[in-house]
Amino acid sequence: MKQLIISIGREYGSGGHEIGRKLAAKLGLEFYDRNLLDEIAHIKNSDAELLKKYDEVPKKRFFSRTVRGYSNSPEENVAELQFALLKHKAADDDSFVIVGRCTDEIFKGFANYVSIFITADEEEKVKRVVECRKKTEKDARKTIERHDKTRRAYHDHFCKSKWGLASSYDLCVNSSVLGIDGTVDFLAEYVQKFRNDNN
């Protein structure tokens, strides 16, 4: 089977993470998200929980500097460790689904690569966050806004393309239309057609 890499960007509350996990299972692929940091922690003999504090967050500009290519920003260093590990996996011909981590930029131009962005209707996102995170509707809206702002800042710091902009991805999908499982089925068919057309 030819190598296949699928990256999934997502709005908070859109179900993008669950969709990515279910799509990986359906296609028989490895699934990566924050679990990459467990692997990095093992390689570097460091604390995975400490690394996860800096996962997918932008660096603090006023408290970080880069000298001769080395940054003192833990956020930036954690991001670069993940990028390097993902590139290594791709170079080893691994196939996988990866959520976030700027992979729409990292793997741009790779053969057998698909980038997807998952959005959802605002009320659906609020409902999901209320149910999954046990928050009030007001707090859910604030949480969605905060997380999406952080994701945008993180992504746009490392990438030339813009987070959530349709032209930055191969496919943008509103998960509210088909629901989580329906979106997974739709994406699996899309990826299968992509595979057939590229074989």
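Since this is a predicted model, take the numbers as computed values, not measurements. Numbering of residues begins at 1 and proceeds along the displayed sequence.
Smallest separation of non-hydrogen atoms from Ile180 and Gly15: CD1-CA, 3.8 Å. In this structure, Arg10 and Trp163 approach most closely via the heavy-atom pair O-CZ2, 3.4 Å. Contact detail for Lys135 and Ala140: the closest heavy-atom pair is CB-N, 4.2 Å. The minimum heavy-atom distance linking Tyr154 with Cys102 is given by the pair CE2-SG, 3.6 Å. Of all heavy-atom pairs between Arg101 and Ile106, the closest is O-CD1, 3.5 Å. Considering all non-hydrogen atoms of both residues, Asn174 and Ala120 come closest at OD1-CA, 3.3 Å.
Checked against the 6.0 Å centroid threshold, Phe194 and Tyr190 do not count as a close aromatic pair. Residues Phe110 and Tyr113 keep their aromatic ring centres 6.0 Å or farther apart. A ring-centre distance under 6.0 Å is not found for Phe83 and His88.
Between Tyr169 and His155, the angle of the ring planes lies from 30° to 60°, which puts this pair in the tilted group.
Side chains of Gln82 and Asp55: a donor on one and an acceptor on the other come within 3.5 Å. If you check the side chains of Asn196 and Gln192, you find a donor sitting under 3.5 Å from an acceptor. Under 3.5 Å, the side chains of Ser115 and Asp170 contain a donor-acceptor pair of N or O atoms.
Hydrophobic clustering, with ILVMFWY side chains joined whenever heavy atoms are under 4.5 angstrom apart, groups Leu171 together with Val114. Cluster annotation: Ile144 and Val57 are assigned to distinct hydrophobic clusters (Ile/Leu/Val/Met/Phe/Trp/Tyr, side-chain heavy-atom contacts under 4.5 Å, transitive). Cluster annotation: Leu27 is connected to Leu178 through the hydrophobic network of ILVMFWY side chains, with a link wherever side-chain heavy atoms come within less than 4.5 Å.
Crowding of Glu30 atom CD: a count of heavy atoms from other residues, nucleotides or ligands under 6.0 Å not exceeding 12. Under a cut-off of 6.0 angstrom, the local environment of CD in Glu145 is sparse, with at most 12 non-hydrogen atoms contributed by other residues, nucleotides or ligands. For Lys52, the NZ atom is densely surrounded, since the number of other residues' heavy atoms within 6.0 Å is greater than 12.
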Start with the C-alpha gap between Ser46 and Leu51, add the side-chain angles, then the distance that decides, and say whether side-chain contact (heavy atoms from CB on, under 4.5 Å) holds.
CA-CA 8 Å; Ser46 56; Leu51 295 177; 3.9 Å; yes
Chi angles and distances behind the salt bridge (charged side-chain N to carboxylate O under 4.0 Å, His left out) call for Arg128, Glu131
CA-CA 5 Å; Arg128 184 171 287 112; Glu131 291 175 354; over 6 Å; no
Going through the checks in order, is the side-chain contact (heavy atoms from CB on, under 4.5 Å) test met by Leu29 and Ser95?
CA-CA 6 Å; Leu29 302 177; Ser95 293; 3.8 Å; yes
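Not a single donor-acceptor pair under 3.5 Å links the side chain of Ser175 to the backbone N or O of Thr183. Formation of a donor-acceptor pair under 3.5 Å by the Glu105 side chain with backbone atoms of Lys160 is found in this model. Side-chain atoms of Asp93 never come within 3.5 Å of backbone atoms of Lys89 as a donor-acceptor pair (strictly under, hydrogens ignored). Panel note: side chain Ser161, backbone Ser168; no donor-acceptor pair is recorded below 3.5 Å. Under the 3.5 Å distance criterion, the side-chain polar atoms of Asp94 are left unmatched by any main-chain donor or acceptor of Ala90.
Between Ile98 and the options Leu36, Ile6, Asp33, Ile8, a side-chain contact (heavy atoms from CB on, under 4.5 Å) holds for only Leu36.
Rounding to the nearest 0.5 angstrom, the gap separating the CZ atom in Arg34 from the NE2 atom in His17 is 9.0 Å.
The existence of a salt bridge linking Glu18 and Lys22 is confirmed by a sub-4.0 Å separation between a basic side-chain nitrogen and an acidic carboxylate oxygen.
Side-chain contact check for Arg141 versus Glu122: some heavy-atom pair is nearer than 4.5 Å.
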